[in-house]
Amino acid sequence: MTPELMIKACTFYTGHLVKTHFCTWRDIAIPLTNEDDILAEKMEKAMKYDNFRLQKYIFRLWHSFTEGQKKLLTDTLLRIKKMCHRYKLIAILIKWRDKARHNNKKREDELMLKHELQLLKWRSKLKLKVVAREEFIFPEQSASGVFLAGEIPKCDISLLPESVISQIFTYLTLRDIVICGQVCHSWMLMTQGSSLWNSIDFSAVKNIITEKCIVSTLQRWRLNVLRLNFRGCVLRLKTLRSVSLCRNLQELNVSDCPTLTDESMRYISEGCPGVLYLNLSNTTITNRTMRILPRYFQNLQNLSLAYCRKFTDKGLRYLNLGNGCHKLIYLDLSGCTQISVQGFRNIANSCTGIMHLTINDMPTLTDNCVKALVEKCSRITSIVFIGAPHISDCAFKALSTCNLTKIRFEGNKRITDACFKSIDKNYPNISHIYMADCKRITDGSLKSLSPLKQLTVLNLANCTRIGDMGLRQFLDGPVSTRIRELNLSNCIQLSDVSIVKLSERCPNLNYLSLRNCEYVTELGIEYIVNIFSLLSIDLSGTHISDEITDSAMEMLSAKCHYLHILDISGCILLTDQMLEDLQRGCKQLRILKMQYCRCISKEAAKRMSSIVQQQEYNPSDPPLWFGYDYEGKPLKKQHEITPLKGDEQVTVAESTHSSEEEVV
């Protein structure tokens with residue numbers, strides 16, 4: 001550093017120091033002259049700021065208050081609007097209720113008037129018929145008096161045309177025909193008509209006929225026999241070999257024959273190649289018989305192997321040998337639990353033309369078995385799977401390739417509403433649906449069934465999850481006009497609403513079962529009279545009172561002329577007049593049950609038994625589980641049950657439609 005720079009630095013430092021101390025001294029020593037003005041200015045600014053803050057606070061309070069008042073006003077207006085709307089709806093509902101009551105009362109009055117007019121018209125017609133009958137009886141009585149004075153003409157049945165005689169003798173069993181042939185020579189000639197021996201049922205006389213008689217009968221009528229029934233007959237090999245003499249045989253039933261063997265089937269097959277129907281159910285046949293079937297029975301159409309458990313999957317493969325059983329259209333494999341998936345695949349390869357399939361009591365049947373079968377059997381139209389618990393919705397999906405018209409399941413817990421989801425597209429021609437005791441079926445299934453136009457029979461008994469909503473949706477579709485038979489037994493959620501809908505939408509309903517539907521009452525039953533097409537109805541187990549009197553039965557007789565079955569058991573107020581009304585109005589009545597009807601006399605019941613085919617009558621007191629006594633009063637404590645006397649029960653059962661009659 002040079003001396004000149006040193007001098008400059010000292011001079012600058014000394015001047016700066018003097019300046020700083022002088023300014024400090026000046027500020028302290030010289031007082032401020034305008035301090036009051038500055039203080040006044042600051043106070044004015046402070047007051048303005050304080051006033052602004054106060055105004056801001058008050059404005060916020062006012063703003064929040066006005067917002068709250070505005071919201072309160074809005075809520076109040078909304079509540080007033082809702083109250084006005086509610087009172088308006090109440091007024092409309094009250095007006096609608098009064099109008100509905102008025103219309104309902106008017107309709108009931110018109111309906112009662114219509115029924116009374118019909119009853120009066122019906123009674124007048126009956127009076128005219130009675131008068132005309134009495135006028136007709138008097139000349140007939142005089143003629144009968146003249147007739148009794150002379151000789152009694154004999155009725156010679158042999159003078160009738162041959163076709164009429166044959167028709168009369170067709171109602172007799174084999175034993176009765178043989179007895180008639182022993183009456184006289186003319187009757188023996190009448191029993192020799194060839195048409196009477198086209199069908200021989202040995203099962204009805206299996207306990208009294210001898211094997212020698214069977215052989216002689218088959219030898220004599222071997223050219224005329226078309227149908228033979230040996231069900232349950234215990235026959236020797238020699239007797240079964242005589243079946244081969246019937247070259248024109250078309251139907252053969254040897255079910256439940258414990259002596260039937262493969263050897264006897266070989267003789268039958270060699271002599272009867274034209275068999276179309278063959279029933280081998282519950283026999284001991286093996287794979288040897290299965291090998292014979294395609295070789296000799298090339299025209300076989302119906303085959304039943306139910307409960308035949310000695311053949312295997314290999315035996316089913318034999319059905320494809322030679323010309324095979326390709327004409328088979330009906331197959332019954334019920335109870336054949338030994339058949340596996342491969343066995344069903346063998347059936348599909350051999351019998352591609354199957355149309356009707358029955359597989360009952362088959363716990364081993366699975367979805368894979370059904371899939372293997374329908375791979376090549378696409379012509380199936382009806383299936384019956386009763387006692388097949390492992391079948392599920394997958395089987396229905398596999399069956400979508402077939403044009404099903406009839407399905408029947410029972411006691412299945414794996415089938416759900418999904419199987420009916422596209423039923424109108426997959427099975428548009430289905431006419432019969434039996435899905436009894438399928439617990440997982442709900443109202444959704446009924447909604448899916450409503451578009452079906454060909455459905456005539458629906459059985460959903462014991463499907464307890466079905467209710468009024470599902471039935472209403474079902475009946476709203478086109479299916480309601482076609483339905484003929486409806487079974488809703490134990491569908492406990494159904495009520496009177498369903499009955500009203502049925503009377504409105506089902507004009508062609510013939511059979512209806514509402515057994516154990518607890519919510520069905522008398523209010524709903526009143527509408528059943530409007531279903532004129534009903535032939536049978538089951539209302540047992542419903543909440544219908546026991547006051548069904550003669551007037552109600554008179555109305556029933558006047559309206560339901562096509563009634564076939566009637567059960568009035570426990571109706572203690574009915575009298576003999578009711579039976580007279582039934583005779584006039586329900587002339588097609590076939591079955592009548594009158595258990596515990598004390599006011600109906602035995603004489604009237606006996607007269608009625610000659611008119612109906614089957615009748616049950618018991619004039620004793622109602623049992624305790626009916627819940628009321630012989631006067632209709634509810635039971636409060638248990639009473640002892642008085643034993644029935646031997647002559648207090650009359651039961652008459654006659655039927656001309658049974659295919660097999662017991663031989664006394």
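- Between L172 and I177, the shortest heavy-atom contact is CB-CG1, 3.9 Å.
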*asked:* Under the criterion side chain to side chain donor-acceptor pair (under 3.5 Å), I'd like the reasoning laid out for Y307 against D361: C-alpha separation, chi angles, the key distance, then a yes or no.
replied: CA-CA 9 Å; Y307 306 100; D361 298 329; 2.5 Å; yes
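- Two residues are said to be in side-chain contact when any heavy atoms from C-beta on lie closer than 4.5 Å; T364 and M362 meet this criterion.
- No side-chain heavy atom of L235 sits under 4.5 Å from any side-chain heavy atom of C257.
- Between the OH atom in Y267 and the CD1 atom in I292 there is a gap of 11.0 Å [rounded to 0.5 Å].
- Between V374 and A398, the closest heavy-atom pair is CG2-O, 3.6 Å.
- D367 places a side-chain N or O within donor-acceptor distance of the main-chain N or O of S392, the cut-off being under 3.5 Å.
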*Decide side-chain contact (heavy atoms from CB on, under 4.5 Å) for C325 and F297; before the verdict, give the C-alpha distance in whole Å, the side-chain angles of both, and the deciding distance to 0.1 Å.*
CA-CA 8 Å; C325 297; F297 299 135; 5.9 Å; no
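- Looking only at atom types and distance, the side chain of S533 has no donor-acceptor partner in the side chain of N508 under 3.5 Å away.
- A heavy-atom distance below 4.5 Å is not found between the side chains of L460 and N487.
- Here the side chains of F385 and V370 are in contact, with some heavy-atom distance below 4.5 Å.
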*Apply side chain to side chain donor-acceptor pair (under 3.5 Å) to N198 and S195, showing your working.*
CA-CA 5 Å; N198 289 339; S195 60; 5.5 Å; no
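- Atom NZ in K453 sits 11.0 Å away from atom CZ in R482 (nearest 0.5 Å).
- I200 is listed as a side-chain neighbour of L174, based on a closest heavy-atom distance under 4.5 Å.
- In this model, no donor atom of one side chain and acceptor atom of the other lie less than 3.5 Å apart for S536 and H564.
- Atom-to-atom distance recorded for D332:CG and L303:CG is 8.5 Å, nearest 0.5 angstrom.
- Residues S513 and S489 bring a donor and an acceptor atom of their side chains to less than 3.5 Å of each other.
- A donor-acceptor pair under 3.5 Å is absent between the side-chain atoms of E485 and the main chain of H432, judged by distance alone.
- Proximity of V341 to C369: side-chain heavy atoms (C-beta onward) are separated by under 4.5 Å at one or more points.
- One side chain, N287 or T312, offers a donor N or O that lies under 3.5 Å from an acceptor on the other.
- F474 CZ to C506 SG: the interatomic distance, rounded to the nearest 0.5 Å, is 7.5 Å.
- Side-chain atoms of L276 and L300, non-hydrogen and from C-beta on, never get closer than 4.5 Å to each other.
- Distance alone, capped at 3.5 Å, places no donor-acceptor pair between the E410 side chain and the G387 backbone.
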*asked:* Applying side chain to side chain donor-acceptor pair (under 3.5 Å) to R408 and Y434, what does each step give before you reach the verdict?
replied: CA-CA 4 Å; R408 183 168 185 176; Y434 302 83; 5.8 Å; no
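- The minimum heavy-atom distance linking C463 with M435 is given by the pair SG-O, 3.2 Å.
- More than 12 heavy atoms of other residues, nucleotides or ligands sit less than 6.0 Å from atom NZ of K501.
- Expressed to the nearest 0.5 Å, how far CG of L293 lies from CG of L278 amounts to 6.5 Å.
- In this structure, the side chain of D262 engages the main chain of T286 through a donor-acceptor pair within 3.5 Å.
- With hydrogens and angles ignored, the 3.5 Å screen pairs no side-chain donor or acceptor of N346 with any backbone N or O of L316.
- Surrounding NZ of K593 are at most 12 heavy atoms belonging to other residues, nucleotides or ligands under 6.0 Å away.
- In this structure, N282 and S255 have side chains that are not in contact, with every pair of non-hydrogen atoms separated by 4.5 Å or more.
- Not one N or O on the side chain of N459 forms a donor-acceptor pair closer than 3.5 Å with the backbone of A436.
- Counting non-hydrogen atoms of other residues, nucleotides and ligands closer than 6.0 Å to CZ of R236 gives a total of 12 or fewer.
- Using modelled atom types, no side-chain atom of S450 and backbone atom of G477 make a donor-acceptor pair closer than 3.5 Å.
- The shortest heavy-atom contact between S281 and N279 is OG-OD1, 2.8 Å.
- When every heavy atom of I531 is checked against every heavy atom of S503, the shortest pair comes out as CG1-CA, 3.8 Å.
- Remark: the Q342 side chain and the R345 side chain contain an N/O donor-acceptor pair separated by less than 3.5 Å.
- With no hydrogens or angles considered, no side-chain donor-acceptor pair links Y527 and D496 at under 3.5 Å.
- For R317, the CZ atom sits in a loose shell: 12 or fewer heavy atoms of surrounding residues, nucleotides or ligands are nearer than 6.0 Å.
- Using cut-offs of 30° and 60° on the angle between ring planes, the pair H356 and Y330 is tilted.
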*asked:* As a quick check of understanding, evaluate side-chain contact (heavy atoms from CB on, under 4.5 Å) for F396 and N426, giving each step before the final call.
replied: CA-CA 10 Å; F396 271 89; N426 296 333; over 6 Å; no
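- By the 4.0 Å N-to-carboxylate-O rule, R266 lies close enough to E270 to be salt-bridged with it.
- Between the T284 side chain and the L260 main chain, a donor and an acceptor come within less than 3.5 Å of each other.
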*Step by step, would you call N368 with T366 a side chain to side chain donor-acceptor pair (under 3.5 Å)?*
CA-CA 5 Å; N368 292 331; T366 62; 4.7 Å; no
*Go through H326 and N320 one step at a time and tell me if the side-chain contact (heavy atoms from CB on, under 4.5 Å) criterion holds.*
CA-CA 8 Å; H326 300 298; N320 201 24; 3.4 Å; yes
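- The two residues N229 and R231 have their closest heavy-atom pair at OD1-N, 3.0 Å.
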_Quick one, L458 with V479, criterion side-chain contact (heavy atoms from CB on, under 4.5 Å). Give me CA distance, side-chain angles, the key distance, then yes/no._
CA-CA 10 Å; L458 178 63; V479 68; over 6 Å; no
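- Counting non-hydrogen atoms of other residues, nucleotides and ligands closer than 6.0 Å to CZ of R484 gives a total above 12.
- With values rounded to the nearest 0.5 angstrom, K327 atom NZ is found 4.0 Å from N299 atom CG.
- Between the side chain of D393 and the backbone N or O of T416, at least one donor-acceptor pair lies under 3.5 Å.
- Put simply, the side chain of T259 never gets that close to the backbone of V234: no donor and acceptor are under 3.5 Å apart.
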